[in-house]
Amino acid sequence: MSTKKDNFSKKDKKYMELALSLARSRHGLTGVNPSVGCVIVKEDEIISIGQTGYGGTPHAEYNAINNSNTNLEGSKIYVTLEPCSHYGKTPPCTNLIIKKKINEVFYSIEDIDKKVKGKSFKILRSKNIVVKKGLLKNETNDFYSTYFFNRINKLPFITGKIATTKNNLIHTKDSKKITDIHSDKLNHYLRYKNDSLMVSYKTLNIDNPKLNCRLKGFNKFSPRRIILDSDLNTKINSYIFKTANKNNTIIFYNSANKKKITLFKKKGIQLIKSNLIKNKYFDLNLIIKKLYKIGCRNLLVEGGDILSGSFLEDKIFNQFYLFKSKKILNKSTSYTGFNNIRFLIQNYKTKSKINTKLGKDTITLYKR
């Protein structure tokens with residue numbers, strides 16, 4: 001039974017730190033479920049570890065228990081988030097813990113989900129299992145901030161990103177490449193950690209981007225592509241159109257002729273009709289609500305000046321990465337500037353420098 005103030009040993013802390021590391025490594029890759037880490041210990045030795053499966057199942061506790069070839073009777077289990085106690089896509093993890101006669105359960109924080117919150121504590125204690133919570137709670141609360149945001153607001157956690165030259169250009173006719181290779185790697189890491197990536201059709205048609213993760217070994221974790229294209233003007237010879245299927249591409253549109261709609265649907269692209277504000281721009285708040293309903297939990301927006309500016313002006317971004325290179329490009333040719341940077345400065349007061357250690361670009365993270 002847990003006391004009002006549990007005492008934790010250095011070893012307890014070490015095991016929970018490992019569980020939290022396991023959870024962090026799966027962040028953004030577990031669908032609508034939170035990423036959880038789990039460590040099982042017996043006689044002061046780690047006998048098994050587990051993480052939430054890709055896409056959200058199986059749960060971390062299930063994986064850790066099934067990864068072990070050892071009798072778990074009398075063991076301790078360390079979990080970053082309160083074990084589930086309800087039937088969903090999988091049976092309750094509390095049932096499995098009880099069945100395997102695990103003696104002690106440590107979890108860092110309670111789940112915010114009402115189906116779980118506080119219930120597992122009572123269930124496990126009723127079976128004479130020692131339950132302790134609160135270990136590394138500050139670190140764990142910080143890690144689950146995006147999950148809490150999802151659950152409380154019923155919205156995806158949204159990250160913005162834009163790259164500019166020293167003189168504030170984001171595109172020129174003569175040079176598409178702005179940042180260095182080290183910034184590129186961070187950008188691809190952001191793609192890896194977000195389940196969806198949004199651009200406008202204008203960015204798509206100008207740059208013909210791939211919008212995938214190109215970190216070695218992680219390309220299979222590329223985000224779903226979300227395109228804002230009111231009249232379905234996306235070029236059919238673009239990389240995105242050619243590689244589209246029902247699982248990786250969604251286009252929000254407002255109006256288009258039947259021929260275009262049929263062509264895009266035939267390609268397998270999911271088309272979602274959405275209203276425009278003042279017959280010009282999409283209602284971004286409605287779009288992100290729709291994205292949440294269809295499973296988006298972490299959205300990266302790699303927009304141009306107009307799209308990024310709309311998100312910034314309305315304070316929709318939870319955080320924003322500004323990549324700034326030392327290059328100065330000539331404005332005499334066709335160019336696009338980041339004119340809406342004023343909204344970033346006005347509305348996002350908390351900022352910190354990201355040190356890539358190797359690159360020369362300046363990367364600043366802004367938060368509300």
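None of the values given here were measured: they were computed from a predicted structure. Worth knowing before you read on, the calculation uses all heavy atoms, side chains too, and leaves out hydrogens, waters and symmetry mates.
- Of all the heavy atoms in Lys235 and Asn205, the pair that sits closest is N-OD1, 3.0 Å.
- Side-chain atoms of Ser85 do not come within 3.5 Å of backbone N or O of Pro92 as any donor-acceptor pair.
- In this structure, Gly304 and Thr203 approach most closely via the heavy-atom pair N-OG1, 3.9 Å.
- Side chain to side chain, Tyr144 and Thr80 meet the donor-acceptor criterion of an N or O pair below 3.5 Å.
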Exercise for the section: Check the pair Ser48, Ser68 against side-chain hydrogen bond (donor to acceptor under 3.5 Å, both in side chains), reporting the backbone distance first and the verdict last. Expected result: CA-CA 5 Å; Ser48 189; Ser68 174; 5.0 Å; no

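- Without hydrogens or angle criteria, Lys351 side chain to Leu365 main chain gives no donor-acceptor distance under 3.5 Å.
- Under a 4.0 Å N-O distance rule, the pair Asp180/Lys360 does not qualify as a salt bridge.
- The shortest side-chain heavy-atom distance between Ile162 and Leu344 does not fall under the 4.5 Å cut-off.
- By the 6.0 Å and 45° rule, Lys133 stacks over the aromatic ring of Phe121.
- With hydrogens and angles disregarded, a donor-acceptor distance shorter than 3.5 Å links the side chain of Lys349 to the backbone of Gln346.
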Exercise for the section: Kindly determine whether Tyr366 and Tyr348 satisfy ring pair (Phe, Tyr, Trp, His ring centres under 6.0 Å), including the steps that lead there. Expected result: CA-CA 6 Å; Tyr366 291 81; Tyr348 294 77; 7.6 Å; no

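- A side-chain donor from one of Arg225 and Thr249 sits under 3.5 Å from a side-chain acceptor of the other.
- Looking at every heavy atom in both residues, Lys161 comes nearest to Phe320 through N-CE1, 3.8 Å.
- Side-chain polar atoms of Asn71 and Lys42 form no donor-acceptor pair below 3.5 angstrom.
- Cluster membership for Val116 and Val32, using ILVMFWY side-chain heavy atoms within less than 4.5 angstrom, is not shared.
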Practice task
Show your working on side-chain hydrogen bond (donor to acceptor under 3.5 Å, both in side chains) between Lys353 and Thr364 and close with a plain yes or no.
Solution key: CA-CA 5 Å; Lys353 298 290 183 184; Thr364 307; 3.2 Å; yes

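- Aromatic pair Tyr192/Phe218: centroids less than 6.0 angstrom apart.
- Between the side chains of Lys327 and Thr165, no donor-acceptor pair is found at a separation under 3.5 Å.
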Practice task
Give the intermediate values and the outcome of side-chain hydrogen bond (donor to acceptor under 3.5 Å, both in side chains) for residues Asn233 and Lys202.
Solution key: CA-CA 9 Å; Asn233 288 321; Lys202 290 181 180 178; over 6 Å; no

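- Residues Ile287 and Ile226 have side chains not in contact (no heavy-atom distance under 4.5 Å, counting atoms from C-beta outward).
- For the pair Phe143 and His27, the minimum side-chain heavy-atom distance is below 4.5 Å.
- A cation-pi arrangement, defined by a distance under 6.0 Å to the six-membered ring centre and an angle within 45 degrees of its axis, is present between Lys210 and Tyr239.
- At least one side-chain heavy atom of Asn212 sits less than 4.5 Å from a side-chain heavy atom of Arg214.
- Contact annotation: the side chain of Pro156 never approaches that of Arg297 to less than 4.5 Å [non-hydrogen atoms, C-beta and beyond].
- For the pair Lys324 and Asp361, the salt-bridge criterion is not met [side-chain N within less than 4.0 Å of a carboxylate O].
- Here the side chains of Glu139 and Leu20 are in contact, with some heavy-atom distance below 4.5 Å.
- Residue pairs meeting the ring pair (Phe, Tyr, Trp, His ring centres under 6.0 Å) criterion with at least one member in residues 281-311, sequence neighbours excluded, are Phe311-Phe317.
- Between Glu82 and Lys119, none of the side-chain N atoms (NZ, or NE/NH1/NH2) sits under 4.0 Å from a carboxylate O, so this pair counts as no salt bridge.
- Nearest approach of Pro223 to Cys213, heavy atoms of both residues: CD-N, 4.4 Å.
- For the pair Cys38 and Glu61, the tightest heavy-atom approach, listed with the atom from each and the gap, is SG-CA, 4.0 Å.
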Practice task
Carefully, step by step, assess Ser9 and Asp12 under the rule side-chain hydrogen bond (donor to acceptor under 3.5 Å, both in side chains).
Solution key: CA-CA 5 Å; Ser9 68; Asp12 291 331; 3.2 Å; yes

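- A donor and an acceptor atom, one from each side chain of Asp111 and Tyr147, are located under 3.5 Å apart.
- Judged purely by atom type and a 3.5 angstrom limit, Ser126 uses its side chain to pair as donor or acceptor with the backbone of Ile123.
- The stretch residues 241-267 participates, sequence neighbours left out, in these ring pair (Phe, Tyr, Trp, His ring centres under 6.0 Å) pairs: Phe241-Phe264.
- Checking Ser25 against Gln51 by side-chain atom types alone, a donor-acceptor pair falls below 3.5 Å.
- In summary, of the residues considered (Asn187, Thr164, Asp184, Thr362), a side-chain hydrogen bond (donor to acceptor under 3.5 Å, both in side chains) with Thr179 occurs for Asp184 alone.
- In this structure, a donor-acceptor pair under 3.5 Å is absent between the side chains of Asn219 and Ser222.
- Annotation: side chain to side chain donor-acceptor pair (under 3.5 Å) contacts of Ser238 (sequence neighbours excluded): none.
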